[in-house]
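In what follows, residues are counted from 1 in the order of the sequence shown. Numbering of ligands and ligand atoms starts at 1, following listing order.
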Amino acid sequence: MAAARKKRIVILATGGTIAGVGEPGCDTGYVSGQMAAEDLVKMVPELSEYATIASEQICNVNSDDMTDALWLKLSKRIAELQEDDDVDGIVVTHGTDTMDETAFFVSLTVRCEKAVVFTGSMKPATAKNPDGPANLLGAVRTAAGFAVDDEPPANRVWVYFAGELFDARRVQKCSASALDAMGVDGPGVGADWNAPAEKRFFDVSGLDSLPRVNVVYFTVDANPKILEYAACVSDGLVIAGAGSGEFSLPWASALEKIDIPVVIASRTHHGGVTLNESLAPGRISAGSLPPQKAAVLLRLALTSTSRIPEIRRLFSE
Ligand code: ASP
C-alpha cells in the first residue's frame, strides 16, 4: 500500500506577539508583528514531520491594528485556498488581542471545506522560552489532522492555543497575561469536535470595506452623550450593558432618539442577554455573543440588510 502523502498546509501570517521582536531573552518590552512568515516557520523544524509547509505574509501588524481591509484580504485569501486542490489546511498566525474577532469574522465569511486554525503567542519570538513555536506546531498538527486520534479535523475555523482547541464562535482572550490566555465564553465549554459548524454565511467577495460599528460600554453614571456621539459616527451600535445587557434610565432616554440598528450585549462576556423591552424597545439581543463579536456580526449583517427583524434573525441563529 502506498504511504499516505504528507498534508499540505499553508501558514498565513498576520503579525502579533508570535512575530514579536525585542531584547533577546526578555518576555516584555517587544514590538509585535516584526518577524517574517518564513522565519516563524524556520523556528519550528518539526513542522516538516507533519506537513509540507508553505507560508505567506498577509500583513505584519499588532492585532489591535487589524482593519476591515485586512480582514477582507485574509478572508478572500482563505477562500481561494479552500478551492486550491494543492492545499489541505490553513493556519493563521495572529496577535491574541483580537484573534477572537478575526477568527469569528473568517468563520462567517468563508465556506470551510478544510480546517482553518488560528494561533499566536503571549511571549515574543525573541523571549527566552517563546510559546509561539509550540503553538504553531499544535496548530499545524491540528490542520493536518494529527490532533484528535489522527482524525481529519472538522472543517471549520478553530483557535489552537497552549495545548487547547477552541471553536471560533466561542473563543475569547480571557487573560491579559496568562500563557493560556485564550478561553471560551461559557463555563465548561471547550472545543466540541462534533458540534455543528457555523450556518451563517456572508459573501464578502465583492467588498473592500465594512459598515462602521462601535461598541459603547456602560458604567455607573456613564454620560449618555457618548451614545449620541457614537451613533453619529456609526452605521450600527453595540451596547456593552451591565448584567444581562442593562443600563441607566438616562441611557434608555438617549437610546430612544437613535435610529440606527442597536445590538444589546453584556459586559460580563458570559451568559445570554435577555432584552429588557422597557429599556431598549425594538432593539436586538446579542444572545450569547460578547460585545466584540456582536460588533463583527452586526458589521456583516449590515452589508446585506438594515431591517431589524432580519438582523434579529441573524443574531438568533
Ligand atoms: N498586542 C499583541 C497583538 O495582539 C498581543 C499578542 O499577540 O499576544 O498583536
Side-chain angles (χ1 to χ4, degrees), residues 11-44 55-75 77-78 90-107 116-140 142-143 157-166 168 170-185 214-215 217 269 290-293 295-296 299:
I11 297 175
L12 301 177
T14 70
T17 295
I18 192 168
V21 169
E23 192 74 32
C26 291
D27 291 357
T28 54
Y30 60 92
V31 182
S32 268
Q34 299 295 300
M35 202 173 258
E38 67 242 38
D39 294 326
L40 293 182
V41 173
K42 277 188 206 141
M43 283 179 75
V44 197
S55 64
E56 293 176 25
Q57 196 82 48
I58 295 290
C59 56
N60 212 355
V61 297
N62 182 334
S63 74
D64 303 290
D65 289 318
M66 270 287 152
T67 60
D68 55 351
L70 292 175
W71 273 356
L72 290 164
K73 180 178 178 190
L74 177 65
S75 164
R77 185 63 187 131
I78 295 174
I90 297 132
V91 167
V92 180
T93 58
H94 196 287
T96 56
D97 287 354
T98 63
M99 187 186 292
D100 58 347
E101 293 176 56
T102 305
F104 187 47
F105 177 79
V106 170
S107 76
V116 178
V117 186
F118 278 69
T119 198
S121 74
M122 292 297 283
K123 293 199 255 177
T126 46
K128 189 156 175 236
N129 291 306
D131 53 333
N135 284 344
L136 185 57
L137 181 61
V140 166
T142 303
V157 182
W158 302 98
V159 166
Y160 176 91
F161 211 84
E164 287 203 76
L165 194 61
F166 307 101
R170 294 194 169 100
V171 72
Q172 292 187 64
K173 185 168 184 178
C174 299
S175 167
S177 52
L179 283 183
D180 57 351
M182 304 305 289
V184 292
D185 61 359
N214 286 290
V215 177
Y217 196 102
H269 288 228
Q292 73 276 23
K293 284 190 174 166
V296 172
R299 294 183 87 174

Show me the short polar-atom pairs for ligand 1: any N or O of it lying under 3.5 Å from a protein N or O, with distances only.
from: ligand 1; atom 1: 1 (N); to: N62; atom 2: OD1; distance (Å): 3.0
from: ligand 1; atom 1: 1 (N); to: D97; atom 2: OD2; distance (Å): 2.9
from: ligand 1; atom 1: 4 (O); to: S63; atom 2: OG; distance (Å): 2.5
from: ligand 1; atom 1: 4 (O); to: T96; atom 2: N; distance (Å): 3.4
from: ligand 1; atom 1: 4 (O); to: D97; atom 2: N; distance (Å): 3.1
from: ligand 1; atom 1: 7 (O); to: T17; atom 2: N; distance (Å): 2.9
from: ligand 1; atom 1: 7 (O); to: T17; atom 2: OG1; distance (Å): 2.9
from: ligand 1; atom 1: 7 (O); to: T96; atom 2: N; distance (Å): 3.0
from: ligand 1; atom 1: 8 (O); to: T17; atom 2: OG1; distance (Å): 3.1
from: ligand 1; atom 1: 8 (O); to: T96; atom 2: OG1; distance (Å): 2.4
from: ligand 1; atom 1: 8 (O); to: S121; atom 2: O; distance (Å): 3.1
from: ligand 1; atom 1: 9 (O); to: N62; atom 2: OD1; distance (Å): 3.1
from: ligand 1; atom 1: 9 (O); to: S63; atom 2: N; distance (Å): 2.7

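Sorted by first and then second residue, the pairs that involve residues 57-68 and meet side-chain hydrogen bond (donor to acceptor under 3.5 Å, both in side chains), not counting sequence neighbours, are S63-T98.
Between the side chains of T126 and Y30, no donor N or O sits under 3.5 Å from an acceptor N or O. Between the side chains of T142 and W158, no donor-acceptor pair is found at a separation under 3.5 Å.
Remark: E56 pairs with R77 by the salt bridge (Lys or Arg N to Asp or Glu O under 4.0 Å) rule, at least two apart or across chains. In this structure F104 satisfies the ring pair (Phe, Tyr, Trp, His ring centres under 6.0 Å) test with no other residue, sequence neighbours excluded.
One finds no salt bridge joining K173 and D100 here, because no Lys/Arg side-chain nitrogen approaches an Asp/Glu carboxylate oxygen to under 4.0 Å.
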